[in-house]
Amino acid sequence: MNNYNNYPVISLDDIIRPTQLIIDLKVLKENFNKIKQHVKPARVMPILKANAYGHGLVRIAQLMQELNADYIGVAVLEEGILLRETGIKLPILVLGGIWGNQIPIFLKHNLTMTASSIEKLNQIDEIAGKMNIKAKVHLKIDTGMERIGVHYYNAKNFLNAAVKTKNVIIEGIYSHFANSEKGDLSYTKLQLERFQEVIWYAEKIFQEKLIFHISNSGAILQMPEANLDMVRPGIMLYGVYPSNEVKKTVEVKSALTWKSIVVYFKVIKPNHPVGYGSTWQTDHNIRSVTIPVGYGDGYMRSMSNKAEVIIRGKRYPVIGTISMDQIVVNIENDTAYNGDEVILIGSDGNSKITVEEMADWAGTIPYEILTNINTRVPRVYIE
Ligand SMILES: *Cc1c(COP(=O)(O)O)cnc(C)c1O
């Protein structure tokens, strides 16, 4: 702890917001190693987009570097630049599209680009030539997602064009599954078959050995034949399963606890509704506590009158509409004091709230819960 200028300062622990995301790096490390073990000899590209699914991009990238991950995947250029500026040396693939004048910036930071059309590929080739650099590129094939990439049925032209480039190193070819977290894998199998046709052709026309990859968490869990040369785990790395119906063939654990504290205690009487819109009221005196978290942190408003929190090992309901910065919790006749710990996600005693459960309250998927916990919530890492 720094005591700047010898002021009688309060400790840093006291000035950091009590609403925090605690991330256990040991759990993340175990998840990573389990995935690696499960897919070997395939390589692993942990996916760190959207602030590492809320876990904090830079620290998680550092951990992946310590663990010798083969590659890092992010969604947008800015995420890649931040990692380069903070000293990440691993190869980084930016999964999203490229537009405008971004190509020279990709090249300057040694970021691997996704080429999703012949036009983009030729543009990369031309700019790399001018800069006298070899551009590292993965080609994106659309096998059934209809988002970005060249359709599998047009892939031959794309690959032929790629062979002809002069300043581009075609390092890999990839595609993405649309339904791999489902119980019914027929569409996923169809996508894999389409991709295998592309692989067959690529192996015929490229002299170098390329990295072929298509598997996200759902496929890693359910379709080992899709591992190919590399896999791209996102949500499972963070210990959350991509759906309820997915087969849990790798046992991963959530690394995250979202917690806060009690900052206010009061009794609420009948005929005194709680919160904006007065959506909840009691018919008898209750005890309640106020917690400094709200939708402005990513504690979603759609969970109003549905969410629960854990205080002193017991679950209690959130009452009234969730505000931007505060929620109110009904503890009925129980006792709680200012400063008591409140678990929003995580466990305490025998009580547990998972990301999946929170997603159900909010009417969304676990991915959205994680990526919505925004930067106003300090991340605290434990080893
Ligand atoms: C987000 C993403 C992944 C990871 O998906 P999960 O379901 O979180 O494992 C993999 N590949 C691409 C292209 C992605 O955009």
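Positions are given from 1 along the sequence. Ligands are counted one by one from 1 in listed order, and the atoms in each one are counted from 1 as well.
The pair D334-R312 fails the salt-bridge criterion, with no side-chain N (NZ, NE, NH1 or NH2) lying under 4.0 Å from an Asp/Glu carboxylate O. Under 4.0 Å is where a charged nitrogen must lie from a carboxylate oxygen, and between E66 and K26 no such pair does.
The shortest N or O to N or O distance between Y367 and ligand 1 is under 3.5 Å. At least one N or O atom of G234 sits closer than 3.5 Å to an N or O atom of ligand 1. At least one N/O-N/O distance between S217 and ligand 1 falls below 3.5 Å.
With a 4.0 Å cut-off on non-hydrogen atoms, P242 does not touch ligand 1 at all. Residue contacts with ligand 1 for K49 involve side-chain atoms from C-beta outward but no N, CA, C or O (heavy atoms, distance under 4.0 Å).
Distances from ligand 1 to the non-hydrogen atoms of H176 include at least one value under 4.0 Å.
Atom 11 (N) of ligand 1 has its closest protein heavy atom at R232 NE, 2.8 Å.
Inspection of the Y381 and Q62 side chains reveals no N or O donor paired with an N or O acceptor under 3.5 Å.
In summary, the atoms of ligand 1 found under 4.0 Å from a heavy atom of I235, numbered by their order in the structure, are 6 (P), 8 (O), 9 (O).
For Q20 (side chain) and R17 (main-chain N/O), a donor-acceptor pair under 3.5 Å exists by modelled atom type.
Summarising the geometry, atom CD belonging to Q191 is positioned 10.0 Å from atom OH belonging to Y152; distances are rounded to the nearest 0.5 Å.
For the pair Y71 and L93, the minimum side-chain heavy-atom distance is below 4.5 Å.
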Practice prompt. Evaluate the criterion salt bridge (Lys or Arg N to Asp or Glu O under 4.0 Å) for residue pair E126 and K130; output intermediate values, then yes/no.
Written response: CA-CA 6 Å; E126 190 191 319; K130 277 188 196 148; 3.3 Å; yes
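Of the listed options F177, Y241, Y238, Y53, Y53 places a heavy atom closest to atom 4 (C) of ligand 1.
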